2 protein chains.
Amino acid sequence: MARSSSDATRDRIVKAANSLFYGKGIRAVSVDAVAEKAGITKKTLYYHFRSKDDLVAAYLASRDQPNLDAFAGYFEAAQGPLPARIRAIFTGIATAARHRRWKGCGFLRIAAELVDTPGHPAVKAAGAHKKRVETWLAEIIAAEGVAEADRVARQIVLLMDGAFATMLVHHDVAYIESAGDAAATLLANAAREAR
Amino acid sequence: MARSSSDATRDRIVKAANSLFYGKGIRAVSVDAVAEKAGITKKTLYYHFRSKDDLVAAYLASRDQPNLDAFAGYFEAAQGPLPARIRAIFTGIATAARHRRWKGCGFLRIAAELVDTPGHPAVKAAGAHKKRVETWLAEIIAAEGVAEADRVARQIVLLMDGAFATMLVHHDVAYIESAGDAAATLLANAAREAR
DNA sequence: GTCTATAAGCCGATAGAC
DNA sequence: GTCTATCGGCTTATAGAC
C-alpha cells in the first residue's frame, strides 16, 4: 500500500487535533492552534481537511478502535469469574483517570458540546462507538452463558458513561469504582437468576 | 423585601441565559444573543454581570433547586415499594426527555464543556448540585431502613448521570428506562441483603 | 455603539518529484 | 511541464468587554 508523505502530515494533524480537542474541547480550540501544534500552516491543514468539522470527525474516528482496545485490554488482563473481570474494566478506567491529561470520554464530551446539532457527523461517530462497546460487552457476557446478556450489557455501559460523566463533575475516582461495584452486582444477579 | 426593577431585569437576563445556554451550550451562545433574547442592550447586561462566566454561574445557580424539586416530585408522586418509587424518578426523566427542548442535564454538559478549567465556578456549582442529589437519595433510602444507603444512592446517581450522558449520544429514551431498571434492581438487592 | 482580538476559511505563489 | 504538498498573508465575521 502506497504511503505518501502527505499521509504522514495528515497523521500529524490528527494527532495534534486529538491532543487539543480531547484536552480542551472543540469550540475552545482554534484551527490555528491545531496547525501550530502540528508544526504546519493553516493552509496545509485546509489542504488535508475540508473544514474544522471534518477534522473533528477524523479525530473521533482515530479514537474508536484504540478506545475499544483499551476496554478489551482491561478485561482480558483480568482473571477470575465474569463479574470480577467486568469490574476490572472500571478499575482500568480508574487507573487511566488518575493521569493528569485524562479528561473523561472524548465521545461523550463531544456529544455534550454539540447538543444543538444532533445530526453532526461527530455525534454520529460517538453513537457508533458507544454501540460497538455495548455490542462487545453483550458478546463477552453471552459467551459465558449469562441470560439476558443484552440487558445487562446495556446497564453496564450506562454505568460506564455515568462514571465518565460524574468524573467531569467531581474528579473523584471513587465514583468509577462504585460504578464497577454496581456492574459486578448486576451481572452476578443476572447469572444467579439464570440458575 | 424590596424588589427593585433592576432585580426584574436581572431575572429576565438569567431566564434568557437559561434558555440559550441550556439549549445550545455556553461557547455556542454569545453575550449579544443573551442580551437580545432578554430584550436589553449588552451595556445593561454588563451592568448586572461582571462577565460571561458570571452569567453562566448565575444560570446554573438558578437551576439547582428546580432540578432537585423535579426529581423529588417524580419520587413523591409514585407509589408502591421503594424500588418502584426510585424507578419512577427515571420514568419522570424519560417523560421530560421526550420534549423537543430537552437537552440532557445542563450541569453535566457544562462540566463537559469546561473540562479544561476544572476550578471554574460553574463546574463547582455542578458538583454541589450533584452532591445534593446524592445526599437526598441517600436520605430517602436510609429512611426506609435499607442498609448501606450511601452506597446504593451513589450507584443510583451514577445510573442517572449515565442515562443523561447516553441520551446525548443515542437520543433513545429506552436507555433511561434501562437505567431505572438497574437502579431498582440494585436497590432491591441491597434491601434483600439487609434481611 | 465602539473597540480590540481572534475566529474560520480562501487566494496566490512556489519548490521538488516524476 | 504538470502534479503534489506546502507556505504566508488576507478577508470577513463575530466574540467579549466597556
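These numbers come from a predicted model, not from an experiment. Heavy-atom basis, side chains included; hydrogens, waters and symmetry copies ignored.
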Presence of [X] side-chain N/O under 4.0 Å of [N] phosphate oxygens OP1/OP2:
X       : N     : answer
A:Thr44 : D:dT6 : no
A:Ser51 : C:dG9 : no
A:Tyr47 : D:dT6 : no

Contact between [X] and [Y] at the side-chain level, heavy atoms closer than 4.5 Å - yes or no?
X        : Y        : answer
B:Asn67  : B:Phe107 : yes
B:Val152 : B:Asn189 : no
B:Leu158 : B:Arg154 : yes
B:Lys130 : B:Asp161 : yes

Which whole-number value in Å describes the distance from [X] [atom1] to [N] [atom2]?
X       : N      : atom1 : atom2 : value
A:Asp32 : D:dT12 : CG    : C1'   : 14 Å
A:Phe49 : D:dA5  : CZ    : P     : 13 Å
A:Lys52 : D:dA13 : NZ    : C1'   : 15 Å
A:Arg12 : D:dT6  : CZ    : C1'   : 12 Å
A:Ile40 : D:dC7  : CD1   : P     : 7 Å
A:Tyr46 : D:dC10 : OH    : P     : 18 Å
A:Ile26 : C:dA8  : CD1   : P     : 11 Å
A:Glu36 : C:dT6  : CD    : P     : 12 Å

For this session: Please state whether the rings of A:His170 and A:Tyr175 are parallel, tilted or perpendicular, taking 30° and 60° as the class boundaries.
Result: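 Parallel, since the angle between the ring planes stays under 30°.
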Exercise. Where does the angle between the aromatic ring planes of B:Phe75 and B:Trp136 fall among parallel (under 30°), tilted (30 to 60°) and perpendicular (over 60°)?
Worked result: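 Ring orientation, 0 to 90° scale: perpendicular.
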Exercise. In this structure, which one of A:Leu60, A:Leu55, A:Ile110 forms a side-chain contact (heavy atoms from CB on, under 4.5 Å) with A:Phe21?
Worked result: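 Passing option: A:Leu55.
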Problem set entry | Residues which pass side chain to side chain donor-acceptor pair (under 3.5 Å) with B:Gln65, listed by chain and number, not counting sequence neighbours |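 B:Asp69, B:Arg132.
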For this session: Indicate, with a heavy-atom threshold strictly under 4.0 Å, whether B:Val29 touches base, sugar-phosphate, or nothing.
Result: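 Result for B:Val29 = sugar-phosphate.
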Picking from [options], which would you name as closest to the side chain of [X]?
X       : options              : result
B:Lys42 : C:dT2, C:dG9, D:dA5  : C:dT2
A:Ser30 : D:dA15, C:dG9, C:dA7 : C:dA7
A:His48 : D:dT6, D:dA15, C:dG9 : D:dT6

Exercise. Of the options B:Lys42, B:Lys37, B:Lys52, which is the one that meets B:Asp32 in a salt bridge (Lys or Arg N to Asp or Glu O under 4.0 Å)?
Worked result: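 So the option named by the test is B:Lys42.
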Strictly under 3.5 Å: I want the nitrogen or oxygen pairs between protein and nucleotides 16-18 of chain C, one per line.
none

Protein and nucleotides 12-14 of chain C: nitrogen or oxygen contacts under 3.5 angstrom:
{"unit_1": "C:dG12", "atom_1": "O6", "unit_2": "A:Lys43", "atom_2": "NZ", "d": "3.4"}

Exercise. Is the shortest distance from a Lys or Arg side-chain nitrogen in B:Arg151 or A:Asp181 to a carboxylate oxygen in the other one below 4.0 Å?
Worked result: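 Between A:Asp181 and B:Arg151 there is no salt bridge, as every charged N stays at least 4.0 Å from the carboxylate O atoms.
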